[in-house]
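Accompanying notes for the structure given below.
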Amino acid sequence: MSGASPLPPVSRQTVLNGMSVDVEDWFQVGAFEHVIARGEWDGLGRRVEANCDAILELFVAAGVKATFFTLGWVAERHPAMMRRIAEAGHEIASHGWDHKRVFTLGEAAFAEDIARAQGVLEQTSGTAVTGYRAPSFSIDARTPWAHEVLARHGYAYSSSVAPIVHDHYGWREAPRFAFRPVSGSSLIEVPVTTAEVAGRRMAAGGGGFFRLLPYALSRWAIERVNLRDGRPAVFYFHPWEIDPDQPRRADAPLRSRFRHYTNLGAMAGKLQRLLGAFSWGRMDAVVAAEAARLGAEGIAA
Ligand SMILES: [Zn+2]
């Protein structure tokens with residue numbers, strides 16, 4: 001932007017980044033969907049509640065409030081956990097009912113899925129649910145109706161887009177930062193964080209990038225987003241990622257097993273470092289700041 005006055009200096013601590021947990025159990029991840037059928041879920045030992053309690057302790061120690069994007073299926077079975085999370089000051093948001101990817105659902109089935117999840121999440125937590133994250137970031141070019149359905153159901157924001165190409169997901173053409181995807185609606189989409197290096201985008205908001213690669217890479221990428229782009233990062237992880245004692249599925253593909261089981265024991269320590277290195281908050285707080293930045297842009301009169 002030549003000709004613009006210089007931007008005030010941004011420090012690592014002045015940008016509020018979004019911290020989020022995608023609350024699902026070890027057997028509900030996309031990588032295992034071909035070896036563990038939904039019908040088997042109720043027969044498997046659930047570990048999500050103990051893992052979420054450990055996460056709550058990590059957040060207390062770091063003084064961080066976060067957003068818990070939770071499956072309706074999990075909330076229905078763990079109502080006391082939902083109340084504990086909400087009472088600790090965290091935001092309860094939706095991760096859909098049972099982790100079906102949005103592009104596998106039609107518009108009507110998607111509407112049913114989010115309505116069912118929202119009802120149970122609000123009932124169990126006693127808080128309003130206005131945020132949504134699609135399972136496996138599955139809102140993309142194949143689902144042009146998805147944001148409109150969210151807006152119609154009263155959602156204020158979505159964090160469901162990965163603006164990159166990945167073997168499981170991705171919407172390459174999507175903006176890297178907050179945008180209003182539905183004309184005439186205030187709904188905001190806040191994509192998961194990417195870092196741009198030499199014109200190429202890489203996923204830098206958590207997942208395998210954080211757990212499998214050295215901590216310094218994630219720290220560098222988030223710092224780059226805060227300082228160079230001057231924008232908030234959106235980070236996510238899962239309860240099963242801090243649980244080295246979870247059951248091992250030998251029948252899953254090697255690639256999935258590698259991704260799922262590597263570095264679980266080191267994850268809590270890595271998260272502690274990350275929580276202390278930046279300023280983190282709930283997604284609704286990040287969305288409020290991004291909404292102020294976007295102003296009325298894109299909202300029809
Ligand atoms: Zn998920």
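Atoms within each ligand, like the ligands themselves, are counted from 1 in listed order.
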For a distance under 2.8 Å, give residue and atom name for each protein N, O or S atom next to the Zn ion (ligand 1). Glu24 OE1, His95 NE2, His99 NE2

For Ser160 and Arg133, test the side chains for any donor-to-acceptor distance below 3.5 angstrom and give the result as yes or no. no

Heavy-atom distance under 4.5 Å between the side chains of Asp42 and Arg77, does that happen here? yes

Going by the side chain to side chain donor-acceptor pair (under 3.5 Å) test, which pairs reach into residues 108-126, not counting sequence neighbours? Ser125-Thr127

Please collect all side chain to side chain donor-acceptor pair (under 3.5 Å) contacts where either partner lies in residues 78-90, sequence neighbours excluded, each pair once. Arg46-His78, Glu49-His78, Glu49-Arg84, Asp53-Arg84

Think Lys65 forms a cation-pi with Phe59, using NZ or CZ under 6.0 Å from the six-ring centre and within 45 degrees of its axis? no

Linking Ile, Leu, Val, Met, Phe, Trp and Tyr through side-chain heavy atoms less than 4.5 Å apart, which residues share a cluster with Val225? Phe177

